[in-house]
Amino acid sequence: MGFTSTLTNAAVRAASSLMGSKAVLMVVGESVEQIPVQFNPSEYRITDTSVYSQQERRKEDEPVISFNGVSLSTLQVQLIFNSDEFLSIQSVTNSVKGLFSDDQNDITKTINKISALTKIEGDVHQPPGCVFVWGSLQFAGYVQSVGVNYTMFDKSGKPLRALVDLTMRGFNEAAGERNSPFNSPDRTKARTMTEDISIWSLAEKEYGDPREWRRIADANDIMNPLDIPVGQILKVPSIND
């Protein structure tokens, strides 16, 4: 079972433990931790970008444009967090309030967990891998940025309501079955993992499509692409294999 399948199964089990079809942010480490979303988002945005370079030509009006592949997909979503105190102000019934954990009396605890996902972990030297799951959306990758706008406070200054703008870089599994635009490489290669590359950047460099990381993972029996030791030699199979 591959990395994405492991994440998906874990997310399904976690989501089934929540009432209704709640979105959930899964954090992948030695174990899988769930950060439930208090309210499902009203919308989300996924951006796919092609990468081009241009070279100016002397005595020519137009430069030479070269297609260099695609970048990692970007997920942008806004999450809303309300404390129980704010919910009581809005006269929400106790049955609805009971859906939320005690931590939501202090929304900063959950928000700090999300913000911490942008930080580098000690021995891993990179932020933790995450997957945002909601319905058919299964977006696996890293948290790129977290912006928090606190909009309501109690008399002591304790935040009661916040809007969290979450941006992730990675792969949308619902749209993941895309063909590479390149037919290279036409032969098997060997590459050494270094601190400044990931299996996704390696796939983009070799195949022109970071979504081809599964081809490398399968060829090297990699269960967790977020935990590949520096110095490991990876087999990069031919695109025709």
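No hydrogens, no waters, no symmetry mates; every other heavy atom, side chains included, goes into these values.
Within the model, atoms CG of Asn112 and OG1 of Thr110 stand 9.0 Å from one another, a figure rounded to the nearest 0.5 Å. Taking SG of Cys130 as the reference point, atom CD of Glu33 lies at 9.5 Å (rounded to 0.5 Å). Here the straight-line distance linking atom CD of Gln38 with atom CG of Asn82 works out to 5.5 Å at 0.5 Å rounding. Between the CG atom in Leu79 and the CZ atom in Phe132 there is a gap of 5.5 Å [rounded to 0.5 Å]. Within the model, atoms CG of Leu25 and CE of Met168 stand 6.0 Å from one another, a figure rounded to the nearest 0.5 Å. Atoms CG and CG, on Leu166 and Leu117 in that order, are 8.0 Å from each other to the nearest 0.5 Å.
Figure legend: cation-pi geometry between Arg161 and Tyr150 absent, as NZ or CZ is not positioned both under 6.0 Å from the six-membered ring centre and within 45° of its axis.
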For this session: Evaluate side chain to side chain contact (heavy atoms under 4.5 Å, CB included) for Trp134 paired with Val24, printing each intermediate quantity in order.
Result: CA-CA 7 Å; Trp134 183 35; Val24 63; over 6 Å; no
Exercise. Run the side chain to side chain contact (heavy atoms under 4.5 Å, CB included) check on Glu43 and Gln78 step by step: do they pass?
Worked result: CA-CA 8 Å; Glu43 62 181 9; Gln78 186 176 78; over 6 Å; no
Problem set entry | Chi angles and distances behind the side chain to side chain contact (heavy atoms under 4.5 Å, CB included) call for Arg45, Leu75 | CA-CA 6 Å; Arg45 179 182 179 88; Leu75 168 68; over 6 Å; no
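With a 4.5 Å cut-off on side-chain heavy atoms, Leu163 and Asp165 do not count as touching.
Tracing side-chain contacts under 4.5 Å through hydrophobic residues (I, L, V, M, F, W, Y), one reaches Phe81 starting from Phe153; they form part of the same cluster.
Under the side chain to side chain donor-acceptor pair (under 3.5 Å) criterion, Tyr142 pairs with Gln126, sequence neighbours left out. In this structure, the side-chain contact (heavy atoms from CB on, under 4.5 Å) partners of Asn220, at least two apart in sequence or on a different chain, are Ile216, Ile222, Leu234, Lys235. With sequence neighbours left out, Ser145 forms a side-chain contact (heavy atoms from CB on, under 4.5 Å) with Thr167. Ser156 meets the side chain to side chain donor-acceptor pair (under 3.5 Å) test with Asp154; sequence neighbours excluded. Residues passing the side chain to side chain donor-acceptor pair (under 3.5 Å) test with Thr118: none are found, sequence neighbours excluded. Under the side chain to side chain donor-acceptor pair (under 3.5 Å) criterion, Ser115 pairs with no residue at all, not counting sequence neighbours.
With hydrogens and angles ignored, the 3.5 Å screen pairs a side-chain donor or acceptor of Asn40 with a backbone N or O of Ala23.
Shown here for Pro41 and Val77, the closest heavy-atom pair between the two residues is CB-CG2, 3.5 Å. The minimum heavy-atom distance linking Tyr207 with Pro237 is given by the pair OH-O, 2.7 Å. Residues Pro128 and Val27 share a closest heavy-atom pair of CB-CG1, 4.1 Å. Ala162 and Ile111 get closest at one heavy-atom pair: CB-CD1, 3.6 Å. Taking both residues in full, the closest heavy atoms of Ser238 and Arg215 are given as O-NH1, 4.0 Å, listed atom of the first, atom of the second, then distance. Scanning all heavy atoms of the two residues, the minimum distance from Thr74 to Arg169 falls at OG1-CD, 3.2 Å.
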